[in-house]
Amino acid sequence: ARVERVWEVLTDVAHAGQTLSGVEHVELITEGPYRVGTRWREPRRMFLKEATEQMQVTVAEAPTRSVIEADSSGVHYVTEFTLTPSSADATRLAMSFTAVQGQANLLHKALWRLFGRLGAKASEEVMAKDLQDIAARAERP
C-alpha cells in the first residue's frame, strides 16, 4: 500500500486491537491525533500469560518513522518503525525492537541470561505477526 496508508494503519492506536491479532484491546490514555506523547495501555498474551504494557510515542515523523517506548519490570523497551516507499503503491515497513535491562540484582541478571534467547525468539515471532497484520489491514480497500 502507499506509505500514507501504511502510516494511517500503523498510527491508528484506537483500533490496534482490531488490526493486531496479538492485542486484545487498547486503552487510550491520551486524546487527540498520534503524536509524540501519545500513550496507551496494550494487553498482549505472551508465554501463555497476559501482560499489559503502557506504551508512549517518543518520535512521530509522519509518514516515515515512529518510535514507541515502554518500561516494565526494570526493562526499557524501544520499538522503531521505518516506512520507505518502494514504488507509488508499495511501502517497505521495517521494525526494530530492543530491550535493555536497568539496574538488576544477581538473580535478575541470571534469569535474563537464561531466558533472554527464548524471549528474543518469542519477540521475533510477535514482530513478524504484527507486520503481517499491519500489511493485511493496509492492503484492504
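Here, residue 1 is the first one in the sequence, and each next residue gets the next number. Predicted model only: the values in this text are computed from it and were never measured.
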Q. Between Glu24 and Glu50, is a side-chain contact (heavy atoms from CB on, under 4.5 Å) present by the stated rule, with each step listed?
A. CA-CA 9 Å; Glu24 296 181 14; Glu50 183 180 291; 2.8 Å; yes
Q: Please lay out, stage by stage, how Glu124 and Met127 fare under the test side-chain contact (heavy atoms from CB on, under 4.5 Å).
A: CA-CA 5 Å; Glu124 183 180 321; Met127 290 170 57; 5.6 Å; no
Q. Could you go step by step and tell me if Val57 and Tyr34 meet the side-chain contact (heavy atoms from CB on, under 4.5 Å) rule?
A. CA-CA 8 Å; Val57 177; Tyr34 187 90; 3.4 Å; yes
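The distance from the OG atom of Ser123 to the CG atom of Asp130 is 10.5 Å, given to the nearest 0.5 Å. One distance of note links CH2 of Trp40 with CD1 of Ile29; it measures 9.5 Å at 0.5 Å rounding. With values rounded to the nearest 0.5 angstrom, Tyr77 atom OH is found 10.5 Å from Thr98 atom OG1.
Contact of the Glu42 side chain with the Thr52 side chain is not registered, since no non-hydrogen atoms from C-beta on lie closer than 4.5 Å. Thr58 has its side chain out of reach of Ile68: every pair of non-hydrogen atoms, C-beta onward, lies at least 4.5 Å apart. Using a 4.5 Å heavy-atom threshold, the side chains of Lys129 and Ser21 count as touching. Side chains of Thr91 and Thr84 form no contact here, defined as non-hydrogen atoms less than 4.5 Å apart. Counting heavy atoms from C-beta outward, Leu10 and Ile134 have side chains that approach closer than 4.5 Å.
Closest non-hydrogen pair, Ala16 versus Val26, comes out as CB-CG2, 3.7 Å. A pairwise comparison of heavy atoms in Asp133 and Gly22 identifies OD2-N, 4.5 Å as the closest pair. Here the closest non-hydrogen pair linking Ala138 and Ala1 is O-CB, 3.5 Å.
Every residue meeting the side chain to side chain contact (heavy atoms under 4.5 Å, CB included) condition with Ser96, not counting sequence neighbours, appears here in chain and number order: Glu80. Residues passing the side chain to side chain contact (heavy atoms under 4.5 Å, CB included) test with Gln56, sequence neighbours excluded: Arg39. Shown here are the side chain to side chain contact (heavy atoms under 4.5 Å, CB included) partners of Glu27, two or more places apart in sequence or in another chain: Arg41. Glu61 pairs by the side chain to side chain donor-acceptor pair (under 3.5 Å) definition with Arg65, not counting sequence neighbours. Under the rule for a side chain to side chain donor-acceptor pair (under 3.5 Å), Thr82 has no partner lying at least two apart in sequence or in another chain. The side chain to side chain contact (heavy atoms under 4.5 Å, CB included) test applied to Glu53 returns Ala51, Met55, Ser72, not counting sequence neighbours. Residues satisfying the side chain to side chain donor-acceptor pair (under 3.5 Å) test with Thr38, not counting sequence neighbours, are none. With sequence neighbours excluded, no residue forms a side chain to side chain donor-acceptor pair (under 3.5 Å) with Thr30.
Cluster annotation: Leu28 and Val9 are assigned to the same hydrophobic cluster (Ile/Leu/Val/Met/Phe/Trp/Tyr, side-chain heavy-atom contacts under 4.5 Å, transitive). Placement of Val6 and Met95 within a single hydrophobic cluster is found when ILVMFWY residues are connected by side-chain heavy-atom separations under 4.5 Å, directly or transitively.
Clustering of Ile, Leu, Val, Met, Phe, Trp and Tyr by side-chain heavy atoms under 4.5 Å joins Val59 with Val67, Val78.
Applying the salt bridge (charged side-chain N to carboxylate O under 4.0 Å, His left out) test to every pair with at least one member in residues 81-102, sequence neighbours left out, gives no pairs at all. Applying the side chain to side chain donor-acceptor pair (under 3.5 Å) rule to pairs touching residues 4-20 yields Arg5-Glu8, Asp12-His15, Asp12-Arg137, Thr19-Arg137, sequence neighbours excluded.
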